[in-house]
Amino acid sequence: MTTPTPSPASPASADTASLAVDMRSIVKAWPGVVANDHVNFEVRRGEIHALVGENGAGKTTLMNILYGLIRRDAGDIFVNGKLAHIQGPRDAIALGIGMVHQHFMLIPVLTVGENIVLGREPTTAGDIYDAARVRQEIGELSRRYGLTLNPDDKMGDLPVGLQQRAEIVKVLYRGAEILIMDEPTGVLTPQETTELFHVLRGLRAGGKTIIFISHKLKEVLDISDRITVMRRGKVVGHLITATTTEQEIARLMVGRDVLLRVDKAPANPGPVALAVEGLTAASDSNVPALRGVSFEVRQGEILGIAGVEGNGQSELIEVLAGTRKASSGRVLLGGKEITNLSARAIRSRGISHIPEDRRGAGLVLNYSVADNLVLGRQRSARFAWNGFVLMLNAILAWAKRLIAEFDIRTPTPETRARALSGGNQQKIIVAREMASEPLVLLASQPTRGVDIGAIEFIHRRIVAQRDHGVAVLLVSAELDEIRSLSDRIAVMYEGRIVSFEAAETPEERLGLLMTGGGRADAAASKVAG
Amino acid sequence: MRHLRFRFLALGVVLMLAVPLVAACGSTTGGGGTTTGKTIKVGLVTDTGGLNDKSFNHLAYTGLLKAEHDLGVRGDVLQSVTQTDYVPNLTHFAAQGYDLVIAVGFDMQVALGQVSQTFPNTHFAIIDGSPTDANFNPVPRANVLSLFFREQEAGALVGTVAGVLEKDQKTPKPTGVISAVGGQKIPPVDRYIAGYQWAAKMADPSIKVLVGYSNDFTDPTKCSGIANSQFGQGSDVVFQVAGGCGNGALQAAGQKGVYSIGVDADQGFVDKSVIVSALKKVDVATFDAIKFIQDGSLPPDYQATGEAPCVASTRSCTEFLFNLKNGGVGYAVDNLNPLPSDVQTAVTNLENAIKAGQQTPPETVS
Amino acid sequence: MNALLIILGLFKSPDVYHSTLTYGTLLLLPALGGVISERSGVVNIAMEGMMLTGAFFAVVADLAWHNVWLAVLVAIIAGGFMALIHAVVSIRYHADQIVSGVAINIVAAGLTVFLLNQFYGVQEIGSVAPQFLIPNIKVPVLDAIPFIGPIFFEQNLVVYIAIILLVAINIILFRTRLGLRLRAVGEHPSAADTAGINVYTLRYGAVIASGLLSGLAGAFLSIGLSNTFVPNMTDGRGYIALAAMIFGKWTPLGAFAACLIFGLGQAIYDNTSIIPISPYFLSMLPYILTLVVLAGLVGRSIPPAADGIPYEPGNE
Amino acid sequence: MATPSAPTTERTASADTPTPLSRVIAYLRPMGTPLGSVLFAFVVGAIVVVATRGNALLAYESLACGGFGIFCQNGENTALQLSNTLVFTTPLILTGLAVAVAFRAGLFNIGAEGQLVMGAIAAAVVGIKLGTWPALILLPSVLIAGTLAGAAYGGLAGVLKAVTGAHEVVTTIMLNYVALWASRYLIIGGPLQAPGAFNASPPVAAGAQLPRLVPLNNNLLFGLPQSVFTAYTGIFVSLFGAAIYFFIMRRTALGYEITAVGQSQRAARYAGISVRRTIVVTMLISGAFAGLAGAVVLSGLSHSLVDTYFQDTTGFDAIAVSLLGQNTAIGVVLAAILFGALHAGGQVMEADAQISHNLVFVLEALVLFSLAANFLRTFKFRLPAFGRSPTQPAELEAQDVVVGAADEPG
């Protein structure tokens, strides 16, 4: 048996028997990446324990190991003081561990009841599914924890908040004593988050142990009792919530003090570059996602769109970029209507787009860096003769120029984009979209999942674009990013711009607006609606 | 599982290397038996039906085996997968210097016309056909021997059996309806059916003869389906002229409790419902062709009227005709043995009349 | 016009219904296999090959041992074995399931003829004697019912078995715990996995079940409806079964309805002796009908969400 | 539906550190998987042969003899065997390209056979009905007619996919049957039946026929009459097709877009590529290659439209050809030569080793299994030194990966 290696910040000594979970020296490596490097992780019974770290720090891997979804390469797991042999979720469930995943593990075509009891279905003779008992048992659980659900509803018809509730009931139904919540608030509105925290506290009062994975420090400080911080696959700190501060956690998470402000000169806005009037559009599931959005972006300014994810920001950007059709309203570029033109036409008219899904949309991962640097412009006169025959030399020259200019760290222009780090992948997109000298730059989550160095680089570049006279529309889930980059802020809520705010607006006010509160000056939404 | 597979791989490699060493010691060639003439090499090319067609490809091969045994020739076979294989397969044997290359089936006429021109010094034989040019017009080739059969004569004999039984109401469900299932509407098939129809109507003028085609020579379910539908129309005797496919018709008759008639070979063993079989001795014809090439001996009464006689010394001949008279076609009594006396009498009478040239069954279905 | 009247005339006799049920059943077994396999999330276009393998080994075993039950068992196992290959390659090795299915179909077509030659040389494989074929069963009393009796109660044993399997599989799929889990695995394997359900076991089971059913269909074809094996004797029936499965929207009853439609087509085709239409046109109809369905002209057909996607744990 | 991973080795070499050795490896690496798969197939095939009491070495020797005219036991003529291989290879290159271009766009065209038949039908109609035209116009017309018919037929599956979402695998399977029955209808009792023939059309006019490589006469060449060498100039059409494929995929924006759609539809949409249009265009190109194959065979080899109902497997072999060729032009040509040689060799194997030519299909399927399952990859992961879980996710998108780390598995 391995003895746990003492970590730099050793945990507050606890009686082993009082530990619900004790993971010792866990190692998990993928080729080229060590996701968990001798991680020690202890959770006391009956506490809410926050596991924090940046995207990619190894939190989810660690929890997937605890839940049996991933096999560890080395290390031991003790549950309630006993060495646990976890080969799969089945073992974890038997040990009283339940997990609510970031991406819900729900099956839309099945009913709520079927989803909840899946894997532990009550049956009558002959393996027949006992729907009556399912209703009764879920009814009991719902009453006990105040989590109302109708077992006969089709899961796919429920809103996100209720789906998460079903996930929690699902875990409780399995008799879980230890609940792992992986980024549970990412998809929730602040109200739903408050409600969730209420439920979690109730569960803690009922003796359950909760592991709360998050990178949102305010929430962590609000809900947790103790905190474990991870960075780059290693545990870098064990903290007690009551005695720590946001800054301390942030410093541990990123390894140095986070640069919160971007140095930039005051904006010097020119004429209106992009104007949006009464835009409406439907989401993929065909429900209204944009309910009348109007705004203007001027040359040389950055308009930040703040909002909880899922309030129509993605759809707005897609409509502007031409990958989604607007059902009504107009988009004007420099006074000329471009509504519902094709993505190619819009791009050729001078709108660049840094998409939120870097690996899925912004890059063809199996293409070379050079090929990715012309993605979307493969038919432009610059790279293709008559828009058809590629001019490989021109592409290569262009690639070499951008690689140098944007410091893309790649062995050769022919290297596949897949082989590059996230930051360098993002730089490919940023380089491509900025180098084509656009009139308007749509930047959606431009620094998500990117290392600090690349974040700074990208932020500087966005500001440089603004100073160059480009109209920038910035969408980000990070309020800090919005506040430090934007010259003006538009707050989006439920498919509408509910308010335009100045860059200096306090975070609290933005938070309120983002969640549908503080509509004192709802004039904007009236104009929009 | 994992280790097992590795072991299998290792085993495979070892076997692959070891086996040829063993086998190299015992290379096999055809032969044995009583050798009567010089050893010649005979290549047989099947049509796309393949050797297991339970029909003429198989019978031709049986004839080749007999020749290997009795005549001491060396025989090799190539099965064609597609029609485009015919030319390369025929060419293969001709280029290898085989003395006789036999093409089995009507389908190979064009290919044979082409290859026999390329190899004018190689002997060729073809069953059920004659060489043609690409436009399907017959072309004379001195080096090609056509093996034709008077299928209509065999068809007429079994047609008489069916017709007389029907007239006598001795069939399982006397309805005055009989039927035939053909593999495809091609001359060798239609000659059978033409004779069958003609003779049955001669025996019982009120009889109704249903004719269906399966468009398939191999799949028994196709023919059993067609036979079943004919039984539904009242037929209680079915004549199969569809090779392996037709076996399904025989089987269907057995299940329905009606009579069936086999084709080409004696098929009494296939199903108890088979009362008689129409015989087409492709095996005999194949053997005769090989023997002719080997020693120049001719089958009895092989010659059709108007054909020039064969020249045994140069092996020059264009056609062997197999008919009732020379025993190349015929019939066999199977599971209705003996036949009712009036049936037997009618069959024998017709047989004699055809042999004597007094009756000539038609070649085409009316 | 005349042809139409003749075709309509066929419906007066029970024969055409009888044939429809027989042919429909032959398609139903692999179609049910397809439903089970694809409901578990493994695309299966290999029923054709599994059926062919079953058909071959049924005849081989029947000729060797003169025992029809043993032959049927061997056919089922042979079909299951081909399915196991598909399962290992596509589940264990995350192979593309269509490539694997194509390979199964090619290997079945090649291997059966190869073995035919190796086992029987260039001799004939021979025919199975009638007493060693899967028997037709007349249900006493019921078969005497006019019209209905000959259609439903004078069928091959396999037809009865298939109907029982149809009912059973429908219940299992939609009423039992096993069925719920199977559907969950096919819709969202990660969700099932995290609920403690063994995704691999269920998928292996489902794919192998499809092979067992296809193997039984093969036996029905070669030693039930026929009495011998001929190369490629399935003649696309596995593909028609695939079409029936899609036609039937991945449900057993829907697939059965589609199988009956295709079976009716075959039953009408059998009457080519009296129908004055090119049989080749008739042969095209089932495929064109399927295309029409696929084109969405007769309602869309949506596969299980995770159909065809290899499951790799921990990879959402 | 997962589409087969089609490595885009043609666009991007995976050379990360350009030392001379790694460059050599980088060039050889794309060959590793296909060669390994072929080796795997032959080893397992040998086991099958041995297990059924056959002589594996003799079988393979005669295969090699039939395919390439080497290791011959019975004095087979090398030139003749090579000519036969070329005959099989000619359409396989084109159908292989047809399947490959579809694979590039993430589409699985099982319908190459049907498209080939449609191409042959169109070519036959033109070659027969317009037979009086001068060869200079007629021959190109025949080939173009076949190409267009195949394109239309493939495009039909593409339109169904793009408009209704009908899966191309199922639609193309159904279209195969429709095409084969249609051709049967035409030549058996239908309008194209030749007088005197029962399941064939008349031959196309002489001016519609692709000439042979060696003139059709009985002068001796390599010890045989020249007319035995059926290899025809269709091979140049096929190689020209491969060159066009290479050009489209590597040097045009269209090829760039087709591959982008195959790699990531989201990225394609983002890049302003119409995914639906690209699917339709891809299937048009795919069908065009297959249709051209049908026209080439008709014009250069069979001359008449004949009944090929599932006896001809060119359209299905194409799947193995394109996968083995890794969807690259040169790869497809090499794989087509291999499979052409196997088919040509099957004939000799049957004659000399008494092993059914159907072993070739077993080998083909084994190659497919090996390529699809990528057994070789798993072998590599099982090397003891790695000590990693074999169920390593291929994509780390959703994984908790430390950002900034270089070199993810590709």
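All values below were derived from every heavy atom in this structure, side-chain atoms included, with hydrogens, water molecules and symmetry-related copies excluded. Throughout, protein chains are lettered first and strands after them, A, B, ... in sequence-line order, and every chain is numbered starting at 1.
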Next item on the list: Pick one of side chain, backbone, both or neither for Ile85(C), based on which atoms fall under 4.5 Å of a heavy atom in chain D.
Entry: side chain
Checklist line | Pairing residues for Phe81(C) by the ring pair (Phe, Tyr, Trp, His ring centres under 6.0 Å) criterion, not counting sequence neighbours | finding: none
Checklist line | Centroid separation Tyr185(D) to Tyr280(C) less than 6.0 Å | finding: no
Check: What part of Leu242(C) is in contact with chain D, defined as an atom under 4.5 angstrom from a non-hydrogen atom: side chain, backbone, both or neither?
Finding: side chain
Next item on the list: With the side chain counted from C-beta on, respond yes when Phe361(D) and Val107(C) share a heavy-atom pair under 4.5 Å apart, and no when they do not.
Entry: no
Next item on the list: Could you tell me which portion of Ile45(C) (side chain, backbone, both or neither) has an atom closer than 4.5 angstrom to a non-hydrogen atom of chain D?
Entry: side chain
Check: Under a 4.5 Å cut-off applied to non-hydrogen side-chain atoms, are Gln354(D) and Asn117(C) in contact?
Finding: no
Note to self: A side-chain contact here means heavy atoms from C-beta on lying under 4.5 Å apart; do Phe108(D) and Asp96(C) qualify?
What the structure shows: yes
Margin query: Quick check on the interface: out of Val49(D), Thr171(D), Leu156(D), who has the most heavy-atom pairs with chain C under 4.5 Å?
Written below: Thr171(D)
Checklist line | Under 4.5 Å from a heavy atom of chain C, the part of Ile319(D) involved | finding: side chain
Check: Non-hydrogen atoms of chain D under 4.5 Å away: do they reach the side chain of Ala243(C), the backbone, both or neither?
Finding: both
Item checked: Pairs of heavy atoms under 4.5 Å with chain C: top-ranked of Ala157(D), Ala179(D), Ala182(D) -> Ala182(D)
Notebook entry, point to check: With sequence neighbours excluded, what pairs up with Phe339(D) under the ring pair (Phe, Tyr, Trp, His ring centres under 6.0 Å) test?
Noted result: none
Check: Where do Met174(D) and Tyr239(C) come nearest, in terms of heavy atoms and distance?
Finding: CE-O, 3.7 Å
Next item on the list: Against chain C, label Val159(D) side chain, backbone, both or neither, depending on which of its atoms sit under 4.5 Å from a heavy atom there.
Entry: neither
Margin query: At a heavy-atom distance under 4.5 Å, which candidate from Leu111(C), Leu291(C), Leu115(C) has the highest pair count against chain D?
Written below: Leu291(C)
Check: Given a strict heavy-atom distance threshold of 4.5 Å, which part of Ile188(D) is in contact with chain C: side chain, backbone, both, or neither?
Finding: both
Checklist line | Test side chain to side chain contact (heavy atoms under 4.5 Å, CB included) applied to Val170(D) and Met245(C), step by step | finding: CA-CA 11 Å; Val170(D) 186; Met245(C) 174 196 77; over 6 Å; no
